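Given the structure is predicted, the values throughout are model-derived calculations rather than measurements.
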Amino acid sequence: MAAFSIRAGRFARLIAVPAMLGVCAVAALVGGLLVWAGQEADEVAVDRQVALATLVASNLRETIAHNQESVTVWDDAVTAVRQASSAEWIDYNLGSWMHTYFGHDGAYVLDPANAPIYQFSTHSDDRPYADVEEVAKPLVASLRQRLLSGDESGVSDRILSLGEADIGVVAGRPALVSIKPIVSDTGEIEQTAGTEYLHVAVRFLDSDFVAALSRDYQFEDLRFAWEPSSERSETNLPIVSSSGDTIGYFVWQPYRPGAAVVSRIAPAATAALAMMLGLVGGLLFLLDRRSHRLAERDARMKHLAHHDSLTELPNRALFHDRLDAALNQSAGELVAVLYLDLDHFKQVNDTLGHPAGDAVIIEFGNRLSGLIRSTDTLSRLGGDEFTVVIPALRHVEDVELLCDRIIDTIRQPFDIEGHQVFIGVTIGVAIAPRDGDTRIELCRKADIALYHAKTSGRSRYAMFGAEMGAILQARRDIERDLRAALARSDQLEVHYQPLLNAATQRIVGVEALLRWRHPANGWISPDVFIPIAEETGQIEAIGDFVLREACNAAKLWPSLSVAVNVSAIELRSPAFATKVAALLLETEIDPRRIELELTESALTDPNGIGDQNVKALRALGVRIALDDFGTGFSSLGRLQQLEVDRIKIDRSFVSGFGRLNGDEAIVQAIIELAKARGLRTTAEGVETVEQGTHLRSIGCDDLQGFLYSRPVTPSEITALLARGSSLVKQA
Ligand code: C2E
Ligand code: CA
Ligand code: CA
């Protein structure tokens, strides 16, 4: 979970947030451009409206002047204004008509002395010209001046007479005031310059004018205001008199096409952005999930590639990596490689089945894990092969201690599916830089050491030594020389080791043990040459030889039972029982005096031939002893089913007495179980008085060991028997 949130945080930081920000940035850019373009368009539009309004305003002057000229440049008007009697005509043509027809708000006629002789106004009934006068006065003065001076500038085909106009305040309202002289259109009426009657037209710029303007030119909300509007959305066009005074303002809501477009696009654009964010978000989510799953699968594959699926321990590949790393980083320190091999693991599988075998492997791994440091690497190479890499090792003795502890720990029985199973382990050790400094060299030498340890008896360890190569050669020599020895009669001898009854302390039997006197090398231990004989197909010949010797010797000691070791390979021969029976018949030995010592591995013959041999021999009266019980593969639980008469407790247990976590308890359990089944027990390897005393006290039946006698020649046995009970040693 923590790993997930770290990863999620990383994903958000490295991909999701930048991607989303990218989308937003693009959206902001596009949106910004859109708004900018809209504003630009709006500005252009507003400018055009202002220009239009300005034009309309300036046209107004011309329009009103033009309207005036339709009556002021007219002989009839000149005549009429000079006659006081024509008031009605004046009102109709120069006043109300101008209002009805052109919408003028005021019309005045001034006499040569600038006094109003006619007044028309829409806003006032009495003295209305007074309202206009302030604005009109300077215009009148200027016009009279121009008329007097004969200034004809501005007069054209379209503008028939001089005129003055300005914007000002009339009766509190903004107004255009335009003044035209009333002149003859034909030129037939004599007029003295400066004495012309003047026509004053007034057009208010608020109210209906503004309404008409708004309607005709589509100015929205157009109005007149004395002060500029502070509304951002409104535009102010100042109305300025010719003297430069700002009279007031036209205010309107300019048409803003940009804003309109933007506001119309905005919802769609927002929706598009939301969709894009959603889409990108969705894609990112899918991407994240996919990469998450890929990462998970990757991690799983990596784990599988480097770990054993049964024990979850590192596998061979990871072992290689760790060893390489340890060697690279050793900086002169020692690096040890241990090769470990379970003794007789195959028998576990054969007798208890593969699930039990798996359980043993797992338990084995667990026990080893408990013994090593966290910096050490325990790996399973496959089957029952394990390795340990120990980097930064201080002393070689530390490895020896570790090996001792491993062997001790593994010797404790395994509880597998209700069975008490004994499993031994054999270890080969190579140490860098002493034995080599490359992985390949170290592995090869650890393997040689393991092989060496196995061939010199299991449940032990061996440090690689330079002599081991030589030992391999020696094995080949032994094989050859053993063949030669079997072909003649002067090198192989059978010695006998007495077995004492623990209670009576008397010799009750002997065990036949083969001796080989090599012509060049002297005595060679059966521990060395028996395994070679088994490997090289000479064990049957050896077995035949020992059994025949033993039967002959048995005749010498009628009171003793004679035990003979039988290799598993011999027992698996279908003819074995018949062969033994024939020999007993031939040598006339009572089968009940012969005890065959078998290891449990010999009794776990998957083909069942071993069992058949054992059954047949027991039917004859031959007794069967289970040798080396407690080493290699032994199962207390299976004692119930095994066709045996005796159990020989391995000497490694006896030598374990008195140690911390000593083996007394285990031996006691074995003896009790054997008793419950009616089996006799023999303890091997009794070397001290204390061991003998203890074994007797816990009910062991028979004792065997150097304490009483080493294996000796038949004549020495005869001599011992003659001396009676002189073997007895007591604490
Ligand atoms: P094993 O059957 O367990 O024989 C007992 C071994 O323990 C003998 O070793 C014996 O000398 C040794 N021993 C007896 N008492 C003591 C003691 O107090 N302390 C110590 N340290 N050792 C003691 P040996 O004679 O060297 O034989 C070794 C093994 O070789 C035997 O172990 C047996 O497995 C095998 N072997 C010997 N002779 C024969 C044979 O004729 N046929 C077969 N198949 N195997 C044989
Ligand atoms: Ca034996
Ligand atoms: Ca033994």
Side-chain angles (χ1 to χ4, degrees), residues 485 488-519 521-530 542-566 583-584 586-597 622-623 625 627 646 648-649 651 654-655 680-693 695-696 700-731:
R488 42 199 297 161
S489 59
D490 57 344
Q491 289 183 19
L492 294 173
E493 274 172 39
V494 178
H495 286 195
Y496 298 88
Q497 186 176 28
L499 275 81
L500 264 69
N501 179 287
T504 64
Q505 308 276 336
R506 302 190 75 87
I507 300 175
V508 290
V510 290
E511 177 179 0
L513 294 159
L514 185 58
R515 296 292 176 259
W516 177 20
R517 189 178 16 213
H518 190 274
N521 304 334
W523 293 111
I524 297 179
S525 163
D527 277 332
V528 173
F529 68 84
I530 292 290
I542 287 179
D544 292 352
F545 169 76
V546 176
L547 193 61
R548 181 173 292 276
E549 288 287 306
C551 286
N552 287 329
K555 285 192 216 165
L556 303 173
W557 319 306
S559 61
L560 303 186
S561 70
V562 177
V564 178
N565 292 286
V566 176
L583 186 65
L584 291 175
E586 182 194 323
T587 53
E588 297 179 322
I589 295 292
D590 182 350
R592 285 169 296 187
R593 288 183 56 208
I594 299 294
E595 196 163 89
L596 298 182
E597 296 192 1
V622 173
R623 281 170 302 161
D627 203 359
R646 180 190 293 275
K648 295 192 78 175
I649 299 161
R651 71 167 179 269
V654 177
S655 62
R680 292 187 69 80
T681 48
T682 302
E684 298 180 316
V686 182
E687 292 183 351
T688 68
V689 174
E690 290 75 25
Q691 289 167 350
T693 309
L695 284 162
R696 182 157 5 95
C700 186
D701 296 310
D702 299 308
L703 306 171
Q704 178 185 2
F706 292 170
L707 176 65
Y708 311 110
S709 170
R710 292 183 171 263
V712 293
T713 59
S715 55
E716 283 174 284
I717 293 291
T718 305
L720 277 175
L721 287 173
R723 285 212 308 261
S725 59
S726 63
L727 288 180
V728 174
K729 306 228 169 71
Q730 227 143 5

Taking the side chain as every heavy atom from C-beta outward, state whether [X] and [Y] have any pair of such atoms under 4.5 Å apart.
{"X": "E549", "Y": "Y496", "answer": "yes"}
{"X": "L547", "Y": "L596", "answer": "yes"}
{"X": "Q704", "Y": "K648", "answer": "yes"}
{"X": "P526", "Y": "L513", "answer": "no"}
{"X": "T682", "Y": "I649", "answer": "no"}
{"X": "T688", "Y": "L707", "answer": "no"}
{"X": "R515", "Y": "W523", "answer": "yes"}
{"X": "K555", "Y": "I589", "answer": "yes"}

Inter-residue atom distance [X].[atom1] - [Y].[atom2], 0.5 Å rounding:
{"X": "I524", "Y": "I530", "atom1": "CD1", "atom2": "CD1", "result": "11.5 Å"}
{"X": "L720", "Y": "Y708", "atom1": "CG", "atom2": "OH", "result": "14.0 Å"}
{"X": "R592", "Y": "S561", "atom1": "CZ", "atom2": "OG", "result": "13.0 Å"}
{"X": "D590", "Y": "T587", "atom1": "CG", "atom2": "OG1", "result": "10.5 Å"}
{"X": "L492", "Y": "F545", "atom1": "CG", "atom2": "CZ", "result": "5.0 Å"}
{"X": "C551", "Y": "I594", "atom1": "SG", "atom2": "CD1", "result": "4.5 Å"}

Under 3.5 Å donor-acceptor, [X] side chain and [Y] backbone:
{"X": "Q497", "Y": "V510", "answer": "no"}
{"X": "T718", "Y": "P714", "answer": "yes"}
{"X": "E716", "Y": "V712", "answer": "no"}
{"X": "Q491", "Y": "R488", "answer": "no"}

message: side-chain contact (heavy atoms from CB on, under 4.5 Å), that's the test. Do N565 and E511 meet it? Break it down for me.
response: CA-CA 8 Å; N565 292 286; E511 177 179 0; 2.8 Å; yes
salt_bridge(D701, R646) N-O dist < 4.0 Å: no
message: What verdict does the side-chain contact (heavy atoms from CB on, under 4.5 Å) test give for I507 and L560, after you've listed the backbone C-alpha separation in whole Å, the side-chain angles of each residue and the deciding distance to 0.1 Å?
response: CA-CA 8 Å; I507 300 175; L560 303 186; 3.9 Å; yes
- request: Could you please spell out the steps behind the side-chain hydrogen bond (donor to acceptor under 3.5 Å, both in side chains) verdict for E493 and H495?
  value: CA-CA 6 Å; E493 274 172 39; H495 286 195; 2.9 Å; yes
query: When you look at L500 and V508, which way does the side-chain contact (heavy atoms from CB on, under 4.5 Å) test go after all the steps?
result: CA-CA 6 Å; L500 264 69; V508 290; over 6 Å; no
task: Apply side chain to side chain donor-acceptor pair (under 3.5 Å) to R548 and list each qualifying residue two or more places apart in sequence or on a separate chain.
output: E586
task: Compute whether any side-chain donor of one residue and acceptor of the other, for T693 and E690, lie under 3.5 angstrom apart.
output: no
- prompt: Of the non-hydrogen atoms in A683 and C700, which two are nearest, and what is the gap between them?
  reply: N-SG, 3.6 Å
- prompt: Would R680 and N501 satisfy side-chain contact (heavy atoms from CB on, under 4.5 Å), going step by step from the backbone distance to the final call?
  reply: CA-CA 11 Å; R680 292 187 69 80; N501 179 287; 3.8 Å; yes
